[in-house]
Amino acid sequence: MRILVVDENKSVLSALRILLNTCFEDVILLPSPDQLLTVIKEKNPDVALLCMNLSVDSEEFFWLSEIKKLDAELPVVLFTACADIDLAVRALKEGAFDFVVKPCDNAKLLATLQSAWSLRQSRKEVKKLTEKQQVLNRELSRECAACWGQSEVMQELMIMVRKVAVTDANVLITGETGTGKEVIAKEIHKCSLRANETLVTADLGTITETLVESELFGHVKGAFIDAKSDCAGNLEAADNGTLFLDEITNLSYPLQAKLLTVLQSRKVTRIGSNKPISVNIRLISATNREIFKAAHDGLFRKDLLYRINTIHLEIPPLRERREDIVPLADFFLKRFAEKYLKGMVTLSKETAHKLEKYNWPGNIRELKHAVEKAVILCDSHELQPSDFYIRSLEDRTSLLGAI
């Protein structure tokens, strides 16, 4: 915690040093604002306490303005002996965090400065999260681009995704394990009008059956033994955003009916409550099972299927778009060679040919893991078939080199 204090009165500076040392690890004192901007650049304070001489108030606002030009996120507290409401209002409009009048209660001054420090930390965290999100978005875009590939069928799918994304239509994504259903769901959300809202993901294949209802619909305190407080479910959390239900065929028949009711009424009722809560969501569902057959066999509600299936996107397996295998492998190869500091690593022609011939039952996920393992274990800068240890479901000991 670092604070910068500017005051022409040296006795005031001495008193503030003693006071502020109780809360701030580093207290920087300046008897004039001449070096103010230089010190801010060098020391990067968390809070600035700028004492104003109202005989030349325009100068103090000048320095406030200069601080904001240099670091718009730095909270500045103005300290003055004049209790003037108009001046205080102007100070806040100019960008000051607060306006404190001398003499001020020490506890109140410290509370104000600590609040300013908290704001600074919050802004730093928001900036950090924003930057992290930007990195994740770039990574997602790269992965999604790789997921598309150059095959005709995937280019047609990409066009459909772009068209669907800007609507609020519910989307059902089907495809084998590892084909990239979640990546496509994230791409739809990113390109939608809800992109600035939350994308909530619920993998119904990993949540135990006893917890699914609470996870989706939420609960109130005392609804069951472990319900120690009110808790919003995924449907509420996704309000105004997108809810992605992965492996939706794992949803039990009774909960299918409850989900259908929510989608029809746009209201969700937490477990243990009778108060409906309005929700506005865009639903994207996915499954690697034959959901249409499940509906025909009575295992999945047909009315729910109709509701979630406004748009159906089928992602083909890699064996049906073999021209995408090597470009995908090259994409993952570059990523993992960089990650594991392997330098420039390439595929030999024989390896590329072998990769194209393999059926990849685990699809993109299996290919990604196979490339990562090959990069980790390789001893040269050109991967050979023997570098790929791929165990198929049919033969748990087979190697790519034997294909």
Side-chain angles (χ1 to χ4, degrees), residues 128 131-155 157-158 173 175-187 190 201 203 205-206 246-247 286 288 315-403:
K128 182 178 179 181
E131 292 173 348
K132 183 178 180 180
Q133 188 60 51
Q134 290 173 345
V135 171
L136 291 174
N137 286 341
R138 287 196 296 270
E139 188 65 18
L140 176 60
S141 295
R142 290 175 59 200
E143 187 149 336
C144 197
C147 181
W148 294 128
Q150 298 301 313
S151 60
E152 182 178 350
V153 64
M154 290 304 293
Q155 291 301 306
L157 181 62
M158 179 177 66
I173 306 173
E176 295 180 4
T177 297
T179 48
K181 296 184 289 296
E182 184 174 0
V183 173
I184 299 299
K186 290 179 178 178
E187 180 71 6
K190 191 188 76 171
T201 298
D203 187 347
T206 60
D246 201 4
E247 302 306 335
N288 60 12
I315 306 179
L318 273 182
R319 63 181 176 276
E320 294 180 8
R321 51 184 182 109
R322 293 183 184 274
E323 61 268 43
D324 289 334
I325 293 175
V326 172
L328 276 168
D330 285 333
F331 170 80
F332 293 128
L333 187 62
K334 181 178 179 181
R335 171 191 289 183
F336 292 123
E338 181 179 335
K339 178 179 179 179
Y340 296 114
L341 305 177
K342 290 285 188 172
M344 179 66 71
V345 182
T346 60
L347 300 172
S348 69
K349 290 184 178 180
E350 182 182 10
T351 304
H353 178 66
K354 295 288 187 179
L355 291 175
E356 287 182 329
K357 286 179 61 181
Y358 182 61
N359 275 337
W360 299 104
N363 293 289
I364 297 174
R365 185 181 295 125
E366 182 185 9
L367 175 62
K368 177 181 177 181
H369 292 165
V371 172
E372 181 175 16
K373 186 173 183 179
V375 170
I376 292 173
L377 298 178
C378 71
D379 294 318
S380 69
H381 293 289
E382 185 178 65
L383 297 184
Q384 303 300 323
S386 58
D387 290 314
F388 284 83
Y389 294 80
I390 301 173
R391 300 175 181 269
S392 69
L393 296 177
E394 293 79 15
D395 181 357
R396 301 297 294 178
T397 60
S398 65
L399 302 180
L400 183 59
I403 294 176

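Computed over heavy atoms, backbone and side chain alike; hydrogens, waters and symmetry mates excluded. Just so we're clear, the structure is a prediction, and the values are computed from it rather than from any experiment.
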Once you round to the nearest 0.5 Å, how far does [atom1] of [X] lie from [atom2] of [Y]?
X	Y	atom1	atom2	value
T351	E382	OG1	CD	7.0 Å
L318	E323	CG	CD	10.0 Å
E176	I315	CD	CD1	11.0 Å
K354	L383	NZ	CG	15.5 Å
W360	T179	CH2	OG1	15.0 Å
N359	R322	CG	CZ	4.5 Å

Could you tell me whether the side chain of [Y] reaches within less than 4.5 Å of the side chain of [X], counting heavy atoms only?
X	Y	answer
L157	M154	yes
H369	R365	yes
M158	E187	no
H381	T346	no
F388	L347	yes

Measure across [X] and [Y] and return the closest heavy-atom pair with its distance rounded to 0.1 Å.
X	Y	answer
D387	C378	OD1-CA, 4.2 Å
G178	K181	N-NZ, 4.5 Å
S348	Q384	OG-OE1, 3.4 Å
V345	A337	CG2-CB, 3.9 Å
A329	L355	CB-CD1, 3.9 Å

So F336 and Y340, would you call those rings parallel, tilted or perpendicular, with 30° and 60° as cut-offs? parallel
One pair to check against salt bridge (Lys or Arg N to Asp or Glu O under 4.0 Å): E338 and K334. What are the steps and the verdict? CA-CA 6 Å; E338 181 179 335; K334 181 178 179 181; over 6 Å; no
Donor-acceptor side-chain pairing of S151 and D324 below 3.5 angstrom: yes
Does atom NE2 of H353 have more than 12 heavy-atom neighbours, drawn from other residues, nucleotides or ligands, at distances under 6.0 Å? no
Run F332 and I364 through side chain to side chain contact (heavy atoms under 4.5 Å, CB included) and show every step you take. CA-CA 10 Å; F332 293 128; I364 297 174; 3.8 Å; yes
State plainly whether the residues K186 and E182 are in salt-bridge range, i.e. N to O under 4.0 Å. yes
